[in-house]
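The model shown is predicted, which means the values in this text are computed figures rather than measured ones. Lettering of chains follows the sequences in order, A, B, ..., and the numbering in each one begins at 1.
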There are 2 protein chains.
Amino acid sequence: MKQYPHSTRLLVAIDCIIFGFDGEEIKLLVIKRNFEPERGKWSLMGGFVNTDEDLEVGAERILFELTGLNNVYFEQLQTFGKVNRDPVERTISVVFFALINIHNHDEESVRAHHAHWVSLKNIPNLIFDHQKMVEIAIECLRYKAALHPIGFELLPEKFTIPQLHKLYEAIYDMQLDRRNFSRKILSTGLLVDTGEKNEQSATKKAILYCLNKEKYEDKFHSFWYFMPEPSA
Amino acid sequence: MKQYPHSTRLLVAIDCIIFGFDGEEIKLLVIKRNFEPERGKWSLMGGFVNTDEDLEVGAERILFELTGLNNVYFEQLQTFGKVNRDPVERTISVVFFALINIHNHDEESVRAHHAHWVSLKNIPNLIFDHQKMVEIAIECLRYKAALHPIGFELLPEKFTIPQLHKLYEAIYDMQLDRRNFSRKILSTGLLVDTGEKNEQSATKKAILYCLNKEKYEDKFHSFWYFMPEPSA
DNA sequence: TTTGAATGTGTCATTTGGACACAATATTAT
DNA sequence: ATAATATTGTGTCCAAATGACACATTCAAA
């Protein structure tokens with residue numbers, strides 16, 4: 001049913017950038033391709049868009065295929081469309097990035113796809129323009145995490161302030177004063193003391209917090225940096 | 001030369017959201033379609049991606065076609081790919097948004113395309129999902145303008161602080177204290193006094209400033225809201 | 001010359017942010 | 001037991017930024 005006869009149709013792919021946090025570093029989930037082209041090389045997880053499939057649905061499908069997870073946080077990053085980005089045939093790639101709790105994913109699927117978590121500081125060479133995609137995704141993560149409380153997507157439901165602190169240090173690859181960070185995070189009112197403590201600690205056990213869902217939804221879309229705070 | 005034989009190719013379009021500022025309001029440039037489908041309805045300016053054309057090049061082509069302008073600020077917004085967004089045939093649309101000096105564009109081309117500048121507060125019904133695209137573009141504009149000095153793209157090279165003030169009030173649709181705004185803008189060091197004054201004013205003539213190119217490039221990529229300022 | 005609107009600059013109280021000290025908690029070594 | 005050590009929670013201090021607001025200056029038109 002082609003009704004725009006004079007226009008060319010192009011292959012449309014989806015690539016997924018999947019971030020996790022192991023408690024020390026931000027990690028990226030990449031696969032070792034066992035298919036052509038570029039078999040044996042590292043790449044992002046991806047696939048082609050099905051004819052009857054929304055882009056977001058395609059992204060969910062691909063994320064599920066690799067991680068076995070269904071309700072993960074993801075958003076569209078950008079679309080890459082340089083003419084020669086795929087040497088086989090011109091392909092437009094719509095790129096998504098996802099944040100998952102690294103301990104939740106299905107290790108079986110990951111093994112099946114020859115996937116590995118790699119440190120952002122030590123990313124192997126990736127095929128095509130995947131390197132660039134990751135760069136932009138990191139920048140986007142830094143952006144959003146500075147303005148919206150999305151970092152929590154990388155942590156378990158219950159988490160401690162020191163964990164959160166390490167997470168933000170990892171995202172921005174910089175040292176953040178522990179005490180000022182704590183004050184700032186607590187002042188948002190996003191954190192709720194669960195009454196429990198992190199029993200895993202070898203020293204003083206930190207308080208386990210969870211998110212205040214209401215405030216979370218509220219604050220999610222406010223950013224206000226250059227603009228003044230709405231005074232009511 | 002199709003070498004991914006089992007995948008379906010899709011139509012890929014580009015749509016452009018073009019913002020301008022008339023001194024009072026942010027305006028959007030929309031066209032009245034004189035072609036099918038939806039002839040006679042309002043829509044964003046767009047076109048299909050050519051086979052041998054990068055996405056950005058396509059966007060430039062479309063922007064030039066409508067405005068006659070070549071070096072305008074634009075960036076990729078997002079890609080829209082709902083299965084039924086175009087009733088004729090499934091079409092993926094990569095959306096760009098551009099900021100132009102409203103007084104620079106080629107009125108001839110604009111007339112030829114039956115295009116009009118409409119106020120953001122009074123946008124006519126647009127075809128397909130173009131309404132949604134515009135919503136997201138406005139949000140994106142607010143985002144970026146809060147964090148990066150992109151507002152200047154909407155003004156002439158030489159501008160006054162009151163103009164800038166009105167621009168930001170228009171972008172955020174809110175009142176901003178004139179004096180605090182002035183202080184904040186001046187403290188960035190981005191503005192250079194040209195020594196000239198706005199002769200058009202009927203009352204006190206405001207100082208005309210231009211951008212400090214160096215600081216502009218410097219500051220363009222810093223955003224720092226949640227994160228502390230780098231202390232050097 | 002006066003008037004009125006717009007523009008440039010300044011003041012002040014409050015809040016926020018960065019640097020840093022110290023007390024509390026829990027494990028391990030003595 | 002007790003001390004030593006590492007980690008966590010909370011507080012203080014000062015400088016800088018922010019929001020609310022006053023006042024003086026400039027220009028065209030009355």
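- C:dT7 atom P lies 12 Å from atom OH of B:Tyr209, rounded to whole Å.
- With respect to B:Met45, the side chain to side chain contact (heavy atoms under 4.5 Å, CB included) criterion is satisfied by exactly one of B:Leu29, B:Leu63, B:Ile62: B:Ile62.
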Seminar exercise, completed: Going 5' to 3' through nucleotides 12-17 of chain D and flagging B where a protein heavy-atom sits under 4.0 Å of the base, S where only the sugar-phosphate is that close, and - otherwise, we get B-----
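- Atom P of nucleotide C:dT7 and atom CD1 of B:Ile185 are separated by 15 Å, given to the nearest angstrom.
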Any protein N or O atoms within reach of nucleotides 28-30 of chain D? Criterion: under 3.5 Å, listing atom names and distances.
unit_1	atom_1	unit_2	atom_2	d
D:dA28	OP1	B:Lys205	NZ	3.0
D:dA28	O4'	B:Ala202	O	2.6

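- Looking at B:Thr188 and B:Lys215, their side chains never come closer than 4.5 Å, going by heavy atoms from C-beta outward.
- With ring centers used as reference points, A:Phe152 lies under 6.0 Å from A:Phe159.
- In this structure, B:Phe97 and B:Phe19 have perpendicular ring planes: the angle between them is above 60°, well past the 30° mark.
- Rounded to whole Å, the distance from CG on B:Leu191 to C1' on C:dG8 is 14 Å.
- By the neighbour-count criterion of 12 heavy atoms within 6.0 Å, atom NZ of A:Lys205 is densely surrounded, having more than that number from other residues, nucleotides or ligands.
- Note: CG (A:Leu164) to P (D:dG9) measures 12 Å, nearest angstrom.
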Name the pairs: protein N/O against N/O of nucleotides 22-24 of chain C, kept only if under 3.5 Å.
unit_1	atom_1	unit_2	atom_2	d
C:dA24	N3	A:Lys204	NZ	3.3

Problem set entry | Verdict with reasoning, B:Glu75 to B:Tyr73, per side chain to side chain donor-acceptor pair (under 3.5 Å) | CA-CA 7 Å; B:Glu75 57 179 285; B:Tyr73 177 90; 2.5 Å; yes
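- Judged by closest nucleotide on DNA chain C, B:Ser182 is the one of B:Ser182 and A:Lys197 placed further toward the 5' end.
- Put simply, CD on B:Glu169 is 13 Å from P on C:dA6, counting in whole angstrom units.
- Two residues are said to be in side-chain contact when any heavy atoms from C-beta on lie closer than 4.5 Å; B:Val134 and B:Ile123 meet this criterion.
- The CD1 atom of B:Ile161 sits 8 Å away from the P atom of C:dT9 (whole-angstrom rounding).
- The separation between B:Glu24 atom CD and C:dA6 atom P is 11 Å, rounded to whole Å.
- The ring of A:Tyr168 has its center closer than 6.0 angstrom to the ring center of A:Phe181.
- Using bins of under 30°, 30° to 60° and over 60° for the plane-to-plane angle, the ring pair B:Trp117/B:His105 lands in the tilted bin.
- Taking NE2 from B:His130 and CZ from B:Phe80, the interatomic distance works out to 9.5 Å, rounded to the nearest 0.5 Å.
- Under the 30°/60° scheme for interplanar angles, the aromatic rings of B:Trp42 and B:His116 are found to stand perpendicular.
- For the pair A:Asp177 CG and D:dT10 P, the interatomic distance rounds to 15 Å; values are reported in whole Å.
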